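All remarks here apply to the structure that follows.
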Amino acid sequence: SPAGCPFMVVDGNVRYFEPDMSKAVTAHIRRKYPLRQYLYGYMATMTGAEIEVSNDRYFRTSELLCCLTDTPRTNLNYYYPKISRPYRYVRFTPPPPAYPTADCRAEIAELAFFDSVDSEEHLPSKAIYGGGPVDENPAHDIDKACDDDWLTFYYSSGPRDSIVFDLQRASTIKKILFVPRNDDNFVRVGDKYELFYFSADGWKSLGVKVAEEPKLIYNNVPSHALYWLRDLTRGNEEQVFTYYDNKQIFTEGYWNLLF
């Protein structure tokens, strides 16, 4: 059995993680591993990107379909355009740099288009041209932006390099799925998870859940404990965390707040 409760030293003060069932909470869990600052940077650089549509593959005439005005805060992002006309080609253009030395390259893990807001099956699409991959690396070529793999990604060699997709036929786009470059450690819809907390007897399970949205909701979770979320479907990266003020807090020798 454990020698005692887990603890952490912060600025010379010892903080113990002792589960308190008398003050149980409802926990909203969104990640299983800390969101590193550089990963957040990958997502933030896509703020202001534009998605246009046209029936001309060279976009001599086009219409703005969507602008990513808010910084993505998760890997799974949906947008719902208002345009009702069918188009065959879609162009994604990274945002202009926020300052002269900023490097705004396209970093897209997945971009998919749907002809119904309720559809879970995206329209067939193919990346047909765009800026070359960084360092001429085929692992980051344009086809990686629509390969249904959220860990591969298109990474353009030049700032503001666009990428153009062919939907094979003119279609009315009702929903867009955008996945920026990421580590795939957010809660993923369809994956099976198990949440644990550390007790006087070791790790205890709070139950197994299949994610129905990009977060897990656990009720009757003991407060002030140390927690561990396991993805039983995929991946290896996992990290223990605490939960305060409705936020996950990962501990790695520093506090990493998850917004």
Side-chain angles (χ1 to χ4, degrees), residues 6 8 17 26-46 71-78 106-112 120-122 133-134 137-141 143-155 176-199 202-219 221-222 225-244 246-259:
M8 182 176 182
F17 302 114
T26 296
H28 294 245
I29 309 299
R30 292 177 170 84
R31 281 186 62 88
K32 63 185 181 71
Y33 196 74
L35 181 62
R36 311 287 191 175
Q37 187 62 37
Y38 71 88
L39 289 169
Y40 177 72
Y42 295 152
M43 297 160 61
T45 55
M46 293 298 96
T71 299
R73 294 183 176 273
T74 181
N75 58 345
L76 182 64
N77 301 274
Y78 285 107
E107 299 185 60
I108 307 169
E110 199 70 30
L111 195 59
E120 295 184 1
E121 183 175 347
H122 61 73
V134 67
N137 185 347
H140 300 315
D141 213 343
D143 62 307
K144 301 302 185 290
C146 53
D147 62 354
D148 293 318
D149 185 340
W150 293 4
L151 280 175
T152 64
F153 57 93
Y154 167 56
Y155 189 14
I176 302 169
L177 165 66
F178 173 59
V179 180
R181 180 180 177 182
N182 71 100
D183 62 356
D184 203 24
N185 283 320
F186 290 94
V187 168
R188 185 161 177 168
V189 174
D191 280 12
K192 182 185 293 186
Y193 294 88
E194 186 169 12
L195 180 64
F196 296 85
Y197 74 95
F198 199 87
S199 72
W203 291 106
K204 284 192 174 182
S205 175
L206 287 164
V208 174
K209 290 180 180 286
V210 175
E212 298 180 355
E213 56 182 323
K215 67 177 179 181
L216 299 164
I217 301 176
Y218 277 86
N219 299 312
V221 174
L226 193 65
Y227 311 99
W228 172 28
L229 181 67
R230 294 208 60 207
D231 187 337
L232 304 179
T233 304
R234 76 185 78 224
N236 297 309
E237 292 184 326
E238 298 166 352
Q239 181 62 257
V240 296
F241 61 92
T242 59
Y243 195 84
Y244 289 98
N246 298 316
K247 295 182 178 69
Q248 284 176 270
I249 304 174
F250 289 90
T251 58
E252 276 195 333
Y254 59 90
W255 294 110
N256 185 321
L257 294 178
L258 179 66
F259 45 82

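Heads up: numbering here begins at 1 and tracks the sequence. Computed over heavy atoms, backbone and side chain alike; hydrogens, waters and symmetry mates excluded. Predicted model only: the values in this text are computed from it and were never measured.
Contact check for Leu111 versus Cys146: no side-chain heavy atoms found under the 4.5 Å cut-off. Under the 4.5 Å side-chain criterion, counting only non-hydrogen atoms from C-beta, Glu194 is not in contact with Leu206. The shortest distance between side-chain heavy atoms of Lys32 and Arg230 does not fall below 4.5 Å.
Looking at residues two or more places apart in sequence or on another chain, you find a ring pair (Phe, Tyr, Trp, His ring centres under 6.0 Å) between Trp228 and Phe196, Trp203. Taking Ala139 as the reference, Asn137 meet the side-chain contact (heavy atoms from CB on, under 4.5 Å) condition, with sequence neighbours excluded. Judged as a side-chain contact (heavy atoms from CB on, under 4.5 Å), and not counting sequence neighbours, the contacts of Glu213 are Lys215, Ile217. Partners of Lys192 according to the side-chain contact (heavy atoms from CB on, under 4.5 Å) rule, which considers only residues two or more places apart in sequence or in another chain, are Val208, Val210, Leu232, Thr233. Legend: residues meeting side chain to side chain donor-acceptor pair (under 3.5 Å) with Asp147, ordered by chain and number and at least two apart, are Thr152. Residues satisfying the side-chain contact (heavy atoms from CB on, under 4.5 Å) test with Ala145, not counting sequence neighbours, are Ile108, Tyr154, Ile163, Phe165.
Taking the ring centre of Phe198 as origin, the terminal cationic atom of Lys204 falls outside the region bounded by 6.0 Å and 45° from the ring axis. For the pair Arg181 and Tyr155, the distance from NZ or CZ to the six-membered ring centre is under 6.0 Å and the angle to the ring normal is within 45 degrees.
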| message | side-chain contact (heavy atoms from CB on, under 4.5 Å) for Leu177 and Asn77? Distances and angles first, verdict last. | response | CA-CA 6 Å; Leu177 165 66; Asn77 301 274; over 6 Å; no

| message | Using side-chain contact (heavy atoms from CB on, under 4.5 Å), reason through Asp231 and Val187 one step at a time and then give a plain yes or no. | response | CA-CA 8 Å; Asp231 187 337; Val187 168; over 6 Å; no

| said: Is there a side-chain contact (heavy atoms from CB on, under 4.5 Å) between Arg36 and Tyr42? Walk through the geometry before answering. | reply: CA-CA 10 Å; Arg36 311 287 191 175; Tyr42 295 152; over 6 Å; no

| task | Show the numbers, then the answer: is there a side-chain contact (heavy atoms from CB on, under 4.5 Å) between Leu229 and Gln239? | result | CA-CA 8 Å; Leu229 181 67; Gln239 181 62 257; over 6 Å; no

| request: For Tyr197 and Tyr227, run ring pair (Phe, Tyr, Trp, His ring centres under 6.0 Å): C-alpha distance rounded to whole Å, both residues' side-chain angles, the deciding distance at 0.1 Å, then the answer. | output: CA-CA 4 Å; Tyr197 74 95; Tyr227 311 99; 7.2 Å; no

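Contact record, Pro180 with Ala109: O-CB, 3.5 Å, taken as the closest heavy-atom pair. Taking both residues in full, the closest heavy atoms of Pro214 and Leu76 are given as CG-CD2, 3.6 Å, listed atom of the first, atom of the second, then distance. Taking each heavy atom of Phe178 and Met46 in turn, the nearest pair found is CZ-CG, 3.8 Å. Here the shortest heavy-atom pairing between Asp141 and Pro133 reads OD1-CD, 3.6 Å. Residues Tyr193 and Ala211 share a closest heavy-atom pair of CE1-CB, 4.0 Å. Residues Ser205 and Gly207 come closest through the heavy atom pair OG-N, 3.0 Å.
With hydrogens and angles disregarded, no donor-acceptor distance shorter than 3.5 Å links the side chain of Glu110 to the backbone of Val179. Checked by atom type and distance alone, the side chain of Tyr243 never pairs as donor or acceptor with a backbone atom of Val221 at under 3.5 Å.
Distance check: Phe186 CZ to Asp191 CG gives 14.0 Å after rounding to the nearest 0.5 Å. For the atom pair Tyr218 OH and His28 NE2, the distance stands at 13.0 Å (nearest 0.5 Å). Atoms CD1 and CG, on Ile29 and Leu195 in that order, are 5.5 Å from each other to the nearest 0.5 Å. How far CG of Asn185 is from CD of Glu238: 8.5 Å, rounded to the nearest 0.5 Å. Atom CG of Asp184 and atom CG of Leu151 lie 4.5 Å apart (nearest 0.5 Å). A distance of 9.5 Å separates NE2 of His140 from CD of Glu107, quoted to the nearest 0.5 Å.
With Arg31 as the partner, the side chain to side chain donor-acceptor pair (under 3.5 Å) test is satisfied by one option alone out of Asn75, Asp183, Thr74: Asp183. Checking each of Phe241, Tyr33, Tyr244 against Phe250 for a ring pair (Phe, Tyr, Trp, His ring centres under 6.0 Å) leaves exactly one that passes, namely Phe241.
At a threshold of 4.0 Å, the pair Lys144-Asp149 does not count as salt-bridged, since none of the basic side-chain nitrogens sits closer than that to a carboxylate oxygen.
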